[in-house]
Amino acid sequence: MSQSLHPAVERALSELKALPGALLPILHAIQDALGYVPPEAVPAIAHALNLSRADVYGVITFYRHFRSAPPGRHVVQLCRAESCQAMGCEALAQHVKTRTGADFHATSADGAVTLEAVYCLGNCACSPAVMIDGRLHGRVTPERFDRLLREAETS
Ligand code: FES
């Protein structure tokens, strides 16, 4: 069973499975390493933690943070929580969708951008907030978003 597992999955299981409540730390470790939680890892995770596959799938699908497929080359996380709502994040979201061709929790057809909705990036004083490839940006206007994405694409 473990021979076909990605080394990152094997490592997460061996290092973390003894923790109390190990499922979430294991899923985070795998996604941090691979960018997603491969569906083929689910049986091994379930076996290691003495859970059912449905238990593991249930947690992966409950938390929108977890992806079941590889993300695009760039991950855009757009905050839609209260402060960012008040500062126009929905108009920004429309712009981002048009600019990238990606809908929320989907990847653009060219594989360039995965767009995710998040609910507070801890940057409320600088709303609307956007994270691009793990870098946090505040007071993001459509024009600024275009510039930031261009910078990410060329870096
Ligand atoms: S509400 Fe958007 S960063 Fe807090």
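In each ligand, atom 1 is the first atom listed, and ligand 1 is the first ligand listed. Keep in mind the model is a prediction, meaning the values are calculated, not measured.
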Legend entry - Contact partition for S83 relative to ligand 1, non-hydrogen atoms under 4.0 Å: both

Legend entry - Under 4.0 Å to a heavy atom of A81 - the qualifying atoms of ligand 1, by number: 1 (S)

Inset, instruction - Could you tell me if the ring centre of H137 sits under 6.0 Å from that of F145? - result: no

Inset, instruction - Could you confirm whether C120 has any N/O/S atom lying under 2.8 Å from atom 4 (Fe) of ligand 1? - result: yes

Legend entry - For N123, atoms of ligand 1 separated by under 4.0 Å from a heavy atom: 3 (S)

Legend entry - NZ/NE/NH1/NH2 to OD/OE distance under 4.0 Å, K17 and E10: no

Inset, instruction - Would you please test L23 and I45 for side chain to side chain contact (heavy atoms under 4.5 Å, CB included) and show each step? - result: CA-CA 8 Å; L23 179 54; I45 298 168; 3.7 Å; yes

Legend entry - Shared hydrophobic cluster, F66 / V118 (ILVMFWY, side-chain heavy atoms < 4.5 Å): no

Legend entry - Residues R147 and E143 bridged, charged N to O under 4.0 Å: no

Legend entry - ligand 1 atoms in contact with G122 (distance to a heavy atom under 4.0 Å): 3 (S)

Inset, instruction - Check each atom of ligand 1 against the heavy atoms of C79 and keep those under 4.0 Å away; list them by number with element. - result: 1 (S), 2 (Fe), 3 (S)

Legend entry - Heavy atom of the protein closest to atom 4 (Fe) of ligand 1 (residue, atom name, distance): C124 SG, 2.4 Å

Legend entry - Full working for salt bridge (Lys or Arg N to Asp or Glu O under 4.0 Å) between R67 and E116: CA-CA 10 Å; R67 305 181 195 104; E116 296 177 342; 2.6 Å; yes

Legend entry - Metal proximity, C89 vs atom 2 (Fe) of ligand 1, N/O/S cut-off 2.8 Å: no

